[in-house]
Peer 1: 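First, the structure itself, so that you have it in front of you.
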Amino acid sequence: MVIWIVLLAMTAAAVMAVLWPLSRHYAVGRQANPDTQFYREQIAEIERDLARGVLLPSEAEAAKAEAGRRLLRATGMQADEAFAAVGEPALRRRRAASTLALSIIPLLALATYEIYGSPQLLSEPPGARMQPQQAGSSNLLGAVAEIEAHLAKNPQDGRGWEVIAPVYLRMGRIEDAVKAYESAIRHQAPDAARFANYGEVLVLAKDGLISAEAQAAFEQAIKLDPSAPKAQFYLARAAVQDGQTDKAKTILQQLLASSPADAPWTDSVRQELAALGAPESASVAEPQIGPEAIAGMVAGLASRLEAQGGTAEEWARLMRSYAVLGQRDKASDAAKRAREALAQDAQGLKTIDTMAQELKLTDAQP
Amino acid sequence: MLVEAGHFALALALGLSLIQFLVPLWGARANDPVLMAVAPTSALAVFACIAFSFLALTFAYLNSDFSVLNVVQNSHSAKPLIYKISGVWGNHEGSMLLWVLILALFGAVVAVSRNSIPMRLQANTLGVQAAVTIAFLLFILTTSNPFTRVVPAALEGQDLNPLLQDPGLAIHPPLLYIGYVGFSISFAFACAALIDGRIDAVWARIVRPWTLGAWAFLTLGIAMGSYWAYYELGWGGWWFWDPVENASLMPWLAGTALVHSTVVMEKRDALKVWTILLAILTFSLSLLGTFLVRSGVLTSVHSFAVDPERGTFILGILILFVGGSLALFAWRAPMLKQGGLFAPVSREGALVVNNLFLATACATVFIGTLYPLALEVLTAEKISVGAPFFNFTFLPLIVPLLLLLPLGQTLAWKRGNFLGTAQRLYAVFGISLLATVVMFAFTYGGPVLAPLGIGLGLYLVLGSLNEIVTRAWSKGTPLAAAWRKARGLPRSAWGTAIAHAGVGLTVIGIAATAWGIEAIGSLKVGERLKGGDYEVRLERVIPRVEANYREEAAVLTVFGSGRELGTIETMKRLYVTRGMPTTEAGILTIGLGQVYASIGDAQPDGSIGVRLYHKPLVLLIWIGSLVMAIGGGISLTDRRLRIGAPVPAKAIPPHAVPAE
C-alpha cells in the first residue's frame, strides 16, 4: 500500500514540474535581444580590460570598432521578437499543454510500468520473503564453508550431508546436492523421506525428467513407507512419462484419498489429476515441490547460455526443460538460438537436431 | 520496493521526456515564453527521475538484492564494495542507464544556466535533447531493462566479468560517457540553431564550453581506457586499433575539429555551416560508437552480450538521429547567412587546415573500422584491418598536421604573415632538429623513426612554450613585467598552449615505444630473465585464495645495471564463479618508463612463463593526454567564457602580435 502512495506522489511531482511553469505570469517581451546584450557585454569587457592594462589602447579601439559593427547589425535584425504570452491563443496553448502533461505523464508511465515492471511484487513486498535471506546471505555462505570444511574432515557424517543438501539445492548447485544426498543415504539408516528427496534432486538435475535412477530411489522410499507422498507423486509422473496415464491416475487418487485434507501437496495433486483428465494436454504439469525451483533454474540456465554461450548439451538441456515445463514456443526459440550459437559446430548442431526431433519441435526445424 | 520505485521512475522519465520534447518546441515555434519555460523544469524533473532510478539500481547492487536479474548476472555477494558500485555500469543494462543519466544531467545543467542562454535556443535545445532521451529510455525499457526481477530470488550471483573487476572500470566508462554524451548537447544546440534558422557568434560562444568540456572528458576517458587495457590485458600494448577503440577515437577526432572550428565561428562569425555539420557528425559518431560497442557487431569485452534485437534498436536510433539531423541540415543550412572574411594565411586559415586534416583522419579511421564489417555483411568474407592500415593512412595525415600546429598557433588572426611567423619559430625548430640529430647519433642502429618522433614531440612542446613566452616577453622587458603579462594572458591562451604541449608529450611517449624491449622466458625460482638494460629474478610463486578468485602470484626482483631496483608482483587469477582466468601485470615505474612483467602458465618442469618488457617514457602517452585534458579545462575556466563576452576581435593588429 505504501508503495502505491509513493508512486502516486512521484507521478504528482512529475506532473507539477510541468504545470508549475505553465501557471506563471509573463510580462510581454520581457527578454532583451540576446545578441545586442552579448555585444554590449563584449564592449564593456573591452573597456574593463583596457582599464586593467591588459589591452593596448590601439588594440582596444580596433576591438571595440568590430564589436560595435556587429552590435549595429544585431540591432538592425531585431524585429518580430516580442513574445506572445497573453491573449486568447496563448491561453488555449496553456490549457492544451496542461492537458498534455496531465494525460501523457501518468498514462505513459503507468502503461510502461504495467508492461515491463513487476507490480505483482509490490502488493506482496519481496522484503517479507527475501530480506532475512539476503541479510543472512553472507552468513549463510560462511556457514556453508564451515560445514564443507567439517565434512571434508568427517565425510562419514551423514547428518551433515543431509543438512547441507537442501542448501546446495537452494543455491542452484544441483550436482552438489545430488552428491550430498548420496552420501547422506550411504552413511545413515534407510529413511523414506531421504530417498524421496534424493530422487527429487535427481529429477531436478535432469530438468524434470525421471531417470531410472530416480525411479529406483522413489521405489525404495515406497518400500520403506508405502504412504510417502513425495515418492508417490513422482512415481505417478514417471508413469505419465511412460505413457501409463491410468496407472498415474490411480496412484494420485490413492495419494489424495490417504492425505489429510489440509496437506500442502493436495493442490498440486489435484492439478496433476486435472491435467491427466484432459489427455490432449499430455504435457506434464509442474511438480509439487519443484515448480519454482525448476523455473528459477531454467531461467538461470537460459540467461547463462544467453550471456556466455555454452555446450550443445546445455542448450539441449534448456530445450528439454522448456518442453517439460510445457513452454513449447520457448523450446523452439531455444533451439533457434542454439543453432545460431553453435553455427560453427556440426556435432553440436546434430545434438540440437536430435533433441528437437525427440521433443517434436517441428516448427524449429532449420 | 525501492527497485520497483526505481523502475517506475524510469517510466515516469519517459513520459516527462515526451512533454519536454513536445511543449518547448511548440512554444519556440509559437514564440510563447510560458510553453518554453516548461523546458527547464521538465529537464530537471527528468534528471531527478533517472537519478533516482540509478540510485535504486545501485542500492540493489550494494545490498546484493538477487531478486534483480541484472544483479544476479553481474554481481556476487563476496565482491569487494567498489566493484559492487562499479558493477552497476559494468554491464549492458546498467551502462545504458548511466548513459541516459549523464544525458539527463547535461540537460539539467543546460536548464539551470538559464541566464546565459537565450530562451528560444534553450527551449529548442532541450526539446531536441529530449528526443534523444526518449529514444534511449525506450531502448532501455524495452530491450535492456536493468530492473527485470527473478522470482524466487537467486541465492548467489554469477559475478562480474573478471576483466572488469578493476579500479579502471570505476572511472573509464563514466569519463567516456560524459564525453560521448556531452557531444549530444552540441548536437542539440546545432539542431536547435537549424530549427530556429539563427546561428551566430553568440551561438558559438554558448556551445564552446560544452564542446570543450565533452572533449576534455572524452580525452580522459580514452586515455584511461588505453591505460587500463595496457595493464589489465597483459600484452603490454596500449592501443590496438581495435574497432571499439576506434569507435571512441572517431568522435574524439571530430570533436577536436569541432572545438577548433567553434573558435573561428566565435571570433570571425565564419565557418557556420561547417561547424553545425561537425556538431552533428560528432554526435553521430558517438552514436555509431554506441552502436558498434553495444550491438554485438563486434565481439569484445565491451559487448557484454550479443543480442540482435538490441543491435537493431540502436541501429534504428542511429538512423533516426543521423538521418533526421542531416535532413534538417540539408533543409535549413542554405538559409544560414555567412559571416566574416579572413585571409587564407591567418589563424582562421590554419584552423580550417586543422579541420581538413582532422576530418580526413577521422574518415580513414571510419573506413578502416567499418569497411571490414561492410565486407563481411556483403560477401561473408572476413578481413582484418589492423595497425598496418592505420600506420599507412592515419599517420601521414596526423604528422603534417602536427608539423603545422605550432605555425598555426603562432599565426595572427584574420591576416597573418607566414614568413614572420616562421621566423618566430626558427629557434624552436632548430632546437628540435638538433635534439633529433643528437638522439639519432646516440641510438645509431636503433629504430630510425623514434628520434624523429621525439623531435616532433619536442617541437610541439617548445612551440607551445614559445607562444606564451613571445607573447609575454620581448627583448628588454624585465622578467617581472613579463611574468605579470604572462599571467594576464587569457586562460584560453594558456589552455591552448598547455593542450598542445600535451599533444607533444603524447607524441614523445608514442615515439619512444619504438625503443621498447621484449623478452620471453621460462623461469624457475631463482632464475633470471634479461630484457635490455633490465633483468628480473623469479623469487617465489605464491598461491593465494581471495573472496572471489584464486591466484598464483609471482614475485620478481628487478635489477637495472647491476643494482636492485625493487620487486614487482604479477598474478594469474582464476575467478571461481565464472571460471575465467585473467592476468594482472606487474609494473615497476622507473622515471617515466616502466618495467612490465606478466606471467603465463606453469610448465610441467615447474618453471613458469614470464614476459618482460621495458618501455621507456611510456607514461608520457597518458601524461600527455592528461595535460591535454587539463589544457581543455583551463580554457573552459576562461573568464570570457564564463561571463558571456568573448575575446576582443581585432580588425588589423598594429604589429604582428597574435590575438587571443
Side-chain angles (χ1 to χ4, degrees), chain A residues 3 6-7 10-11 14 17-18 20-22 24 26 31 34-35 38 41-42 45-46 54-55 58-60 62-63 65-67 83-85 90 93-94 97 100-101 104-105 108-109 112-113 116-118 121-122 125-127 130 134 137-138 141 170-172 292 296 299-300 303-304 306-307, chain B residues 1 4-5 7-9 11-12 14-16 18-19 22-23 30-35 37-38 41-42 44-45 49 63-67 69 73 77-78 118-119 141-142 145 147 149-156 158 200-202 205 305 488 640 643-646 648-654:
Chain A
I3 180 74
V6 171
L7 297 193
M10 284 165 69
T11 316
V18 179
W20 179 63
L22 287 174
R24 284 166 63 199
Y26 275 85
Q31 194 176 17
D35 288 355
F38 175 77
E41 277 173 17
Q42 192 171 357
E45 177 167 324
I46 295 168
V54 186
L55 280 178
S58 56
E59 288 172 338
E66 168 118 10
F83 283 145
R93 277 198 298 266
R94 279 186 197 204
L100 266 181
I104 286 185
I105 296 175
L108 193 60
T112 314
Y113 181 71
Y116 298 104
S118 313
L121 292 182
L122 289 178
M130 288 161 194
Q134 275 149 28
S137 163
S138 52
L141 287 179
R170 287 283 320 198
M171 290 170 83
E292 282 190 347
S303 64
R304 184 165 61 80
E306 202 79 324
Chain B
M1 178 168 123
E4 289 304 307
H7 196 170
F8 184 74
L12 210 51
L14 180 67
L16 273 168
L18 196 57
I19 295 292
L22 294 173
V23 177
N31 209 12
D32 187 335
V34 178
L35 297 195
V38 169
T41 52
S42 52
L44 288 172
C49 285
N63 277 4
S64 294
D65 182 349
F66 293 127
S67 68
L69 182 64
Q73 286 171 347
S77 55
M119 198 170 192
L141 285 164
T142 56
N145 199 321
F147 293 108
R149 307 294 290 264
V150 267
V151 180
L155 204 66
E156 192 44 91
Q158 297 161 3
D200 46 29
V202 181
R205 163 72 200 68
R640 287 150 221 267
I643 61 165
K650 268 164 244 169
I652 307 164

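Nothing here was measured: the structure is a model prediction, and the numbers come from that model. A, B, ... follow the sequence lines: proteins, then strands. Residue 1 opens every chain.
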Peer 1: So do the side chains of Ser77(B) and Phe66(B) get within less than 4.5 Å of each other, counting heavy atoms only?
Peer 2: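 Yes, side chains in contact.
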Peer 1: When you compare the side chains of Ser67(B) and Arg149(B), does any donor N or O come within less than 3.5 Å of an acceptor on the partner?
Peer 2: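 Their side chains do contain a donor-acceptor pair, which is all the 3.5 Å distance test asks for.
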Peer 1: Taking side chain as everything from C-beta outward and backbone as N, CA, C, O, which of these in Val23(B) sits under 4.5 Å from a heavy atom of chain A? Side chain, backbone, both or neither.
Peer 2: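 For Val23(B), side-chain heavy atoms alone lie under 4.5 Å from chain A.
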Peer 1: Identify which part of Leu14(B) has an atom lying under 4.5 Å from any heavy atom of chain A, answering side chain, backbone, both or neither.
Peer 2: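 Contact with chain A: backbone and side chain both.
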Peer 1: Answer with side chain, backbone, both or neither: which region of Leu18(B) has an atom nearer than 4.5 Å to a non-hydrogen atom of chain A?
Peer 2: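 Interface part for Leu18(B): side chain.
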Peer 1: Start with the C-alpha distance between His7(B) and Asn145(B), add both sets of side-chain angles, then the distance that settles side-chain contact (heavy atoms from CB on, under 4.5 Å), and finish with yes or no.
Peer 2: CA-CA 9 Å; His7(B) 196 170; Asn145(B) 199 321; 2.9 Å; yes
Peer 1: Using 30° and 60° as the class limits, which term best fits the ring planes of Phe8(B) and Tyr113(A): parallel, tilted or perpendicular?
Peer 2: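 Aromatic pair Phe8(B)/Tyr113(A) classed perpendicular.
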